[in-house]
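Read through the structure below, which is laid out as structure tokens, and then see the notes.
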Amino acid sequence: MNKSDFTDKLSKDFYLADVLTVAKNLLGKTFVKAGSNKILSGKIVEVEAYNGLMDEASHSFNGMTKRNEIMFKQGGLLYVYFTYGMHFCSNIVTGKEGDGCAVLIRGIEPIDGIKQMAKNRYGKTALTGKENINLTNGPAKLTQAFGIGRKDNGIDMTGNEIYILDSKNIHSKKISVSKRIGIKKSVDLPWRFYITDNPFVSGK
DNA sequence: ATCAAGATTACCT
DNA sequence: GGTAATCTTGATA
């Protein structure tokens, strides 16, 4: 057993829990993309839960299709979808096979690889203050910053390419709860969670 | 075969 | 605050 076998990567079990629990517990954790290039990482500061067959707003509500099939697999996979003809968004599948639950990552505070993120977003590395905030303060923005796309749909988050590092849960007093953003069905469900006052929480 | 809508963003006034 | 951009998917015929 070598040194790299000791990691604090979130294990499969973490993702098998209830989607609302996983969503809240993901706040403050470090999202990492290792892959081929430089390491990119950031702190998850905003998420939304999509609760499978219970949830009209979820992609999985009407059952499995070619688009959402990853959502129906066992928790711990990355679900990437394309929308509005131009954007990709990143989700973490939760629960057991067939649940169709996932957590949309809506905001990340960059840690490592900020220059690469800037390049992915703007094609340059010198950014204005506004561009720095806009790097990762929205679901499609952070997905672009991390260079995540169609090819990453279905990646196993317990592998070495894209994963999340464990850390202490954020205290519930620092977590805000609200309605989800940008949906037209089940609009009143309080399934958006974010770290209060963090600047990388998407606008509203 | 056709069509409307979409878990958004950037840019405009 | 308003809306164009842009194209895939899923539903309907």
Side-chain angles (χ1 to χ4, degrees), chain A residues 15 18-24 26-27 31 42 44-73 75 77-95 99-110 117-124 126-155 157 162 176-195 199-204:
Chain A
Y15 301 106
D18 171 76
V19 66
L20 295 173
T21 303
V22 176
K24 277 178 272 197
L26 277 173
L27 291 175
F31 184 88
I44 299 172
V45 302
E46 179 188 3
V47 296
E48 281 176 2
Y50 286 86
N51 202 350
L53 304 168
M54 315 277 301
D55 180 3
E56 272 195 291
S58 173
H59 287 169
S60 55
F61 179 70
N62 287 311
M64 186 154 58
T65 64
K66 188 157 190 180
R67 179 203 204 194
N68 66 23
E69 61 181 354
I70 297 297
M71 281 187 84
F72 285 91
K73 296 190 185 288
L77 300 185
L78 185 70
Y79 167 52
V80 180
Y81 67 85
F82 182 68
T83 191
Y84 291 108
M86 58 187 89
H87 300 303
F88 291 98
C89 295
S90 304
N91 304 255
I92 312 298
V93 178
T94 73
D99 285 354
C101 294
V103 177
L104 171 68
I105 302 179
R106 291 195 56 94
I108 281 185
E109 179 177 324
M117 293 186 199
K119 223 171 167 185
N120 290 345
R121 288 271 293 135
Y122 298 106
K124 60 178 188 179
L127 302 183
T128 66
K130 193 169 194 168
E131 285 171 334
N132 272 299
I133 289 294
N134 277 318
L135 217 44
T136 50
N137 66 341
K141 296 178 192 176
L142 67 90
T143 299
Q144 184 184 21
F146 275 80
I148 292 170
R150 211 182 308 270
K151 65 182 185 333
D152 302 306
N153 190 34
I155 281 182
M157 304 285 297
I162 298 177
S176 295
V177 182
S178 81
K179 298 172 183 178
R180 293 173 293 181
I181 292 178
I183 54 174
K184 301 228 171 90
K185 298 172 223 162
S186 301
V187 293
D188 290 328
L189 294 170
W191 287 351
R192 172 173 175 250
F193 307 97
Y194 58 95
I195 298 178
F200 289 91
V201 170
S202 66
K204 189 186 159 187

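Lettering of chains follows the sequences in order, A, B, ..., and the numbering in each one begins at 1. What you see is a predicted model; the values in this text were computed from it and never measured.
Here the P atom of nucleotide C:dC7 and the OH atom of A:Tyr81 are 18 Å apart, to the nearest Å. The distance from atom NE2 of A:His59 to atom C1' of B:dG6 is 7 Å, rounded to the nearest whole Å. Across the protein-nucleic acid pair, A:Glu131 atom CD and B:dT9 atom C1' stand 14 Å apart, rounded to whole Å. The CZ-P distance, from A:Phe82 to B:dT9, rounds to 14 Å in whole Å. If you measure from atom CG of A:Asn51 to atom P of B:dA7, you get 16 Å, rounded to the nearest angstrom. Note: CE (A:Met86) to C1' (C:dT6) measures 4 Å, nearest angstrom. Atom pair A:Lys184:NZ and B:dA7:C1' shows a separation of 11 Å (rounding to whole Å applied). Rounded to whole angstrom, the span from the CG atom of A:Leu104 across to the P atom of B:dG6 amounts to 16 Å.
Geometric assessment of A:Arg106 against the ring of A:Tyr194 yields a negative cation-pi assignment under the 6.0 Å and 45° thresholds.
A donor-acceptor contact shorter than 3.5 Å links the side chain of A:Arg180 to the backbone of A:Ala49. The main-chain N or O of A:Val80 is found under 3.5 Å from a side-chain atom of A:Asn153 such that the two form a donor-acceptor pair. Of the possible donor and acceptor atoms, one in the side chain of A:Asn132 sits under 3.5 Å from a partner among the backbone N and O of A:Thr128. The main-chain N or O of A:Ser202 is found under 3.5 Å from a side-chain atom of A:Glu46 such that the two form a donor-acceptor pair.
Counting non-hydrogen atoms under 4.0 angstrom, A:Arg67 reaches the backbone sugars and phosphates but no base. Base contact: A:Tyr84 has a heavy atom under 4.0 Å from a base atom. Residue contacts shown for A:Met64 are absent, as no nucleic acid heavy atom lies under 4.0 Å away. A:Arg192 comes within contact range of no nucleotide atom at all, as no heavy-atom separation falls under 4.0 Å. If you check every strand for non-hydrogen atoms under 4.0 Å, A:Ala57 touches a base.
Regarding contacts with the backbone of B:dT8, every side-chain N or O of A:Thr83 stays at 4.0 angstrom or more from both OP1 and OP2. OP1 or OP2 of B:dA10 lies within a sub-4.0 Å distance of a side-chain N or O belonging to A:Lys141.
Taking for each of A:Ile183 and A:Gln144 the nucleotide of DNA chain B with the nearest heavy atom, the 5'-most of the two is the partner of A:Ile183.
Residue A:Lys66 places its NZ atom among 12 or fewer non-hydrogen atoms of other residues, nucleotides or ligands, all under 6.0 Å distant. By the neighbour-count criterion of 12 heavy atoms within 6.0 Å, atom NZ of A:Lys130 is sparsely surrounded, having that number or fewer from other residues, nucleotides or ligands.
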Secondary structure of DNA chain C per the Watson-Crick/G-U criterion (both distances under 3.5 Å; [ ] crossing, | other strand, . unpaired) is |||||.||||||.
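In the set B:dT8, B:dA7, B:dA10, the nucleotide with an atom closest to the side chain of A:Arg121 is B:dA10. Listed nucleotides B:dA7, C:dT8, B:dT8 differ in distance to A:Arg150; the shortest reach to its side chain belongs to C:dT8. When the nucleotides B:dT9, C:dA11, C:dT8 are ranked by their closest atom to the side chain of A:Asn62, C:dA11 comes out on top.
Between A:Ile183 and A:Glu56 the shortest side-chain heavy-atom distance does not fall below 4.5 Å.
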